[in-house]
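Worksheet: one structure, shown below.
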Amino acid sequence: MPKKEKLDPEVEALINWCTEVEKFLVKGGATLAQAQEHIEEEVEWFTDLFYEGLSPEEAAQQALS
């Protein structure tokens with residue numbers, strides 16, 4: 001079995017941030033599948049929000065508005 005590759009810390013932080021955004025999208029009324037699909041479809045936009053320093057809650061609010 002191949003060894004698991006270690007993620008770049010920045011990539012890992014982005015993934016964790018998106019996971020938090022997902023939770024807020026679900027709190028806002030989306031299903032888990034809808035939240036995941038939206039993040040996947042808008043990954044560049046969410047990445048920009050991450051680098052702009054928005055919190056996961058702020059990003060979810062923008063996505064839901």
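Any value given below was found using the heavy atoms of this structure, including those in side chains, with hydrogens, waters and symmetry copies removed.
In this structure the side chain of E12 never reaches within 4.5 angstrom of the side chain of D8, judged on heavy atoms. Between I39 and E22, the closest side-chain pair of non-hydrogen atoms falls below 4.5 Å. Within the 4.5 Å cutoff, the side chain of V26 has no heavy atoms near those of the T31 side chain.
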Test side-chain contact (heavy atoms from CB on, under 4.5 Å) on L25 and Q34 and set out the steps.
-> CA-CA 9 Å; L25 291 174; Q34 289 170 329; over 6 Å; no

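When all heavy atoms of G53 and E58 are compared, the closest pair comes out as O-OE1, 4.4 Å. Minimum interatomic distance between A35 and A30 (heavy atoms only, all atoms of both residues): N-CB, 4.3 Å. Closest non-hydrogen pair, A59 versus V21, comes out as CB-CG2, 4.0 Å.
Among pairs with a residue in residues 20-45, those fulfilling ring pair (Phe, Tyr, Trp, His ring centres under 6.0 Å) read H38-F46, at least two apart in sequence or across chains.
Taken together through direct or relayed side-chain contacts under 4.5 Å among Ile, Leu, Val, Met, Phe, Trp and Tyr, L54 and V43 form parts of separate hydrophobic clusters. Cluster annotation: L49 is connected to L64 through the hydrophobic network of ILVMFWY side chains, with a link wherever side-chain heavy atoms come within less than 4.5 Å.
The distance from the SG atom of C18 to the CD atom of E40 is 10.0 Å, given to the nearest 0.5 Å. Atom CD of E42 is separated from atom CD of Q62 by 12.0 Å, given to the nearest 0.5 angstrom.
For the pair W17 (side chain) and T47 (backbone), a donor-acceptor distance under 3.5 Å is absent.
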